[in-house]
S.K.: 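Right, I'll just put the structure down here and ask away after.
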Amino acid sequence: MQRLPEITSPTNPLVKEIHALRLRKRREETGLFAIEGLRNLEDALARRAAPVSVLLGDAALEAPACKAVVRRAVSAGADVYRVSQRVLEKLSHQANAQPAIATFRQHWCALQDAPVAPRSLWVALEGARDPGNLGTILRTATAAGACGLIQLDGGCDPFSPEAVRASMGTIFAQRLVRAGLRDFADWCRGRGAVLVAANPRGDRDFMALEYRLPAVVLMGSEGEGLSEAALALADMRAAIPMRPEAESLNVAVSTALMLYAVVARCGLADPSG
């Protein structure tokens with residue numbers, strides 16, 4: 001393996017810059033985000049994601065897969081460094097610092113470029129506030145074959161450390177779109193996608209509806225659910241039955257139920273769009 005430049009001080013300018021990416025404001029200013037873990041870095045490279053910088057501790061450098069990781073990262077144009085344990089501990093969001101940290105450019109897809117083919121399945125979220133739930137939804141959407149996730153009128157940042165960690169690497173597998181409700185409605189109509197909204201007062205049990213692809217599963221926040229404006233757009237309103245003593249379901253769990261209700265009816269979707 002080639003000899004790597006070393007960073008040992010937590011006050012190094014690059015270390016300080018990566019540390020600042022835990023703040024949403026700085027992520028938005030730079031267009032960057034960070035991931036932790038050698039496995040996540042391997043997965044990102046396997047999906048042809050190009051890192052900007054890669055920081056590797058001794059434990060990562062000793063791993064059998066590391067030589068290939070370094071080679072692919074350098075080929076992708078990344079700056080690769082050997083770093084001290086103190087640097088890893090400064091940058092890690094976990095109790096036990098991961099031996100590899102890398103930065104990537106955020107990948108947003110414009111709504112007009114978001115593909116809808118005959119077997120497309122998308123997730124749209126209105127008012128999502130918990131980044132852990134958002135990351136879990138990305139992971140579930142990938143498993144179900146969804147093309148990507150559309151955030152409507154704000155919500156939490158999918159590139160936050162909590163969301164990225166919860167996504168288990170699938171942040172790189174999903175297209176991410178930001179859109180206003182009106183543009184989203186035009187996009188659905190223009191592409192013939194069935195809009196399925198989850199709502200406690202839905203027309204029918206979510207398992208009894210006759211789903212078809214292409215489809216968009218529309219979910220609201222746990223506390224407030226979907227707005228009336230969003231519900232008015234829906235072609236189908238699906239209710240997930242609950243015991244009266246249960247106030248609500250976790251939105252990641254609800255999204256998983258909805259996605260797999262569509263999958264049970266239509267089969268796995270085609271993530272290529």
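The model shown is predicted, which means the values in this text are computed figures rather than measured ones.
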S.K.: Using 0.5 Å steps for rounding, measure from the CE atom of M242 to the CD atom of E245.
M.R.: 10.5 Å

S.K.: Same hydrophobic cluster for L4 and I7, using side-chain heavy-atom links shorter than 4.5 Å among ILVMFWY?
M.R.: no

S.K.: Tell me if a side-chain donor or acceptor on E162 pairs with a main-chain N or O of G132 at a distance below 3.5 Å.
M.R.: no

S.K.: Would you sort out whether L56 and C66 count as a side chain to side chain contact (heavy atoms under 4.5 Å, CB included), showing the intermediate values?
M.R.: CA-CA 9 Å; L56 301 170; C66 194; 3.9 Å; yes

S.K.: As an exercise, state the distance from SG of C188 to CG of L195, rounded to the nearest 0.5 Å.
M.R.: 5.0 Å

S.K.: For the pair T170 (side chain) and A173 (backbone), establish whether a donor and an acceptor sit closer than 3.5 Å, ignoring hydrogens and angles.
M.R.: no

S.K.: Might you confirm whether atom CD of Q112 has over 12 heavy atoms from other residues, nucleotides or ligands at distances under 6.0 Å?
M.R.: yes

S.K.: Got more than 12 heavy atoms from elsewhere within 6.0 Å of CZ, R139?
M.R.: no

S.K.: Going by heavy atoms in the side chains, are L149 and L134 under 4.5 Å from each other?
M.R.: yes

S.K.: Quick one: are M219 and S254 in side-chain contact, heavy atoms under 4.5 Å?
M.R.: yes

S.K.: Using a strict threshold of under 4.0 Å (side-chain N to carboxylate O), is an ion pair present between E29 and R26?
M.R.: yes

S.K.: Group every Ile, Leu, Val, Met, Phe, Trp and Tyr by side-chain heavy-atom contacts under 4.5 Å, then state whether F172 and L138 land in the same group.
M.R.: yes

S.K.: Within a 6.0 Å radius of atom CZ on R24, are there more than 12 heavy atoms belonging to other residues, nucleotides or ligands?
M.R.: yes

S.K.: What is the distance from atom CG of N40 to atom OG of S167, rounded to the nearest 0.5 Å?
M.R.: 7.0 Å

S.K.: Give a yes or no answer on whether the side chain of R265 reaches the backbone of L209 with a donor-acceptor pair at less than 3.5 Å.
M.R.: no

S.K.: Measuring centre to centre across the rings, with the benzene-like ring taken for any Trp, is F159 within less than 6.0 Å of W108?
M.R.: yes

S.K.: State the CD-CG distance between Q98 and L38, to the nearest 0.5 angstrom.
M.R.: 9.0 Å

S.K.: With a 3.5 Å distance limit and no angle check, can you tell me whether Y211 reaches the backbone of A264 through a side-chain donor-acceptor pair?
M.R.: no

S.K.: Would you indicate whether the side-chain heavy atoms of E17 and T30 approach each other to under 4.5 Å?
M.R.: yes

S.K.: Does any N or O in the side chain of S160 come within less than 3.5 Å of the main-chain N or O of D157, such that one atom is a donor and the other an acceptor?
M.R.: yes

S.K.: Following the transitive rule for hydrophobic clusters with a side-chain heavy-atom cut-off under 4.5 Å over Ile, Leu, Val, Met, Phe, Trp and Tyr, establish whether V194 and L181 coincide in one cluster.
M.R.: no

S.K.: With a 3.5 Å distance limit and no angle check, can you tell me whether W122 reaches the backbone of I150 through a side-chain donor-acceptor pair?
M.R.: no

S.K.: Hydrophobic clustering (ILVMFWY, side-chain heavy atoms < 4.5 Å, transitive) - are L231 and L152 grouped together?
M.R.: yes

S.K.: For I171 and P158, which heavy atoms make the closest approach, and how far apart are they?
M.R.: CD1-O, 3.4 Å

S.K.: Do V164 and V177 sit in one hydrophobic cluster, given that two such residues count as connected whenever their side-chain heavy atoms are within less than 4.5 Å of each other, even indirectly?
M.R.: no

S.K.: Measuring from I137:CD1 to L125:CG, what's the distance to the nearest 0.5 Å?
M.R.: 4.5 Å

S.K.: Within a radius of less than 6.0 Å around CZ of R182, do more than 12 heavy atoms belonging to other residues, nucleotides or ligands occur?
M.R.: no

S.K.: Quick one: does L249's side chain get under 4.5 Å of L257's, heavy atoms only?
M.R.: yes

S.K.: Is it the case that the side chain of E36 and the backbone of H93 share a donor-acceptor pair, with hydrogens and angles ignored and the cut-off at 3.5 Å?
M.R.: yes

S.K.: Looking only at atom types and distance, does a side-chain atom of S92 sit under 3.5 Å from a main-chain N or O of L88, one as donor and one as acceptor?
M.R.: no

S.K.: Is a side-chain N or O of T140 found less than 3.5 angstrom from the main chain of A256, in a donor-acceptor match?
M.R.: no

S.K.: When you compare the side chain of Y81 with that of V87, does any pair of heavy atoms fall below 4.5 Å?
M.R.: no

S.K.: I want to check something: taking the side chain as every heavy atom from C-beta on, are E126 and S227 in contact at a cut-off of under 4.5 Å?
M.R.: yes

S.K.: Check this for me: D113, atom CG, are more than 12 non-hydrogen atoms of other residues, nucleotides or ligands nearer than 6.0 Å?
M.R.: yes

S.K.: With heavy-atom distances below 4.5 Å as the criterion, would you say the side chains of L218 and V196 are in contact?
M.R.: no

S.K.: Check whether R27 reaches the backbone of L21 with its side chain - one donor and one acceptor, N or O, closer than 3.5 Å.
M.R.: yes

S.K.: Check this for me, if you would: do D58 and R82 make a salt bridge, where the nitrogen-to-carboxylate-oxygen distance has to be below 4.0 angstrom?
M.R.: yes

S.K.: Would you indicate whether the side-chain heavy atoms of I18 and S53 approach each other to under 4.5 Å?
M.R.: yes

S.K.: Atom CD in E210, atom SG in C266: separation rounded to 0.5 Å?
M.R.: 9.5 Å

S.K.: Hey, are Q174 and T142 close enough side-chain-wise for a donor-acceptor pair under 3.5 Å?
M.R.: yes

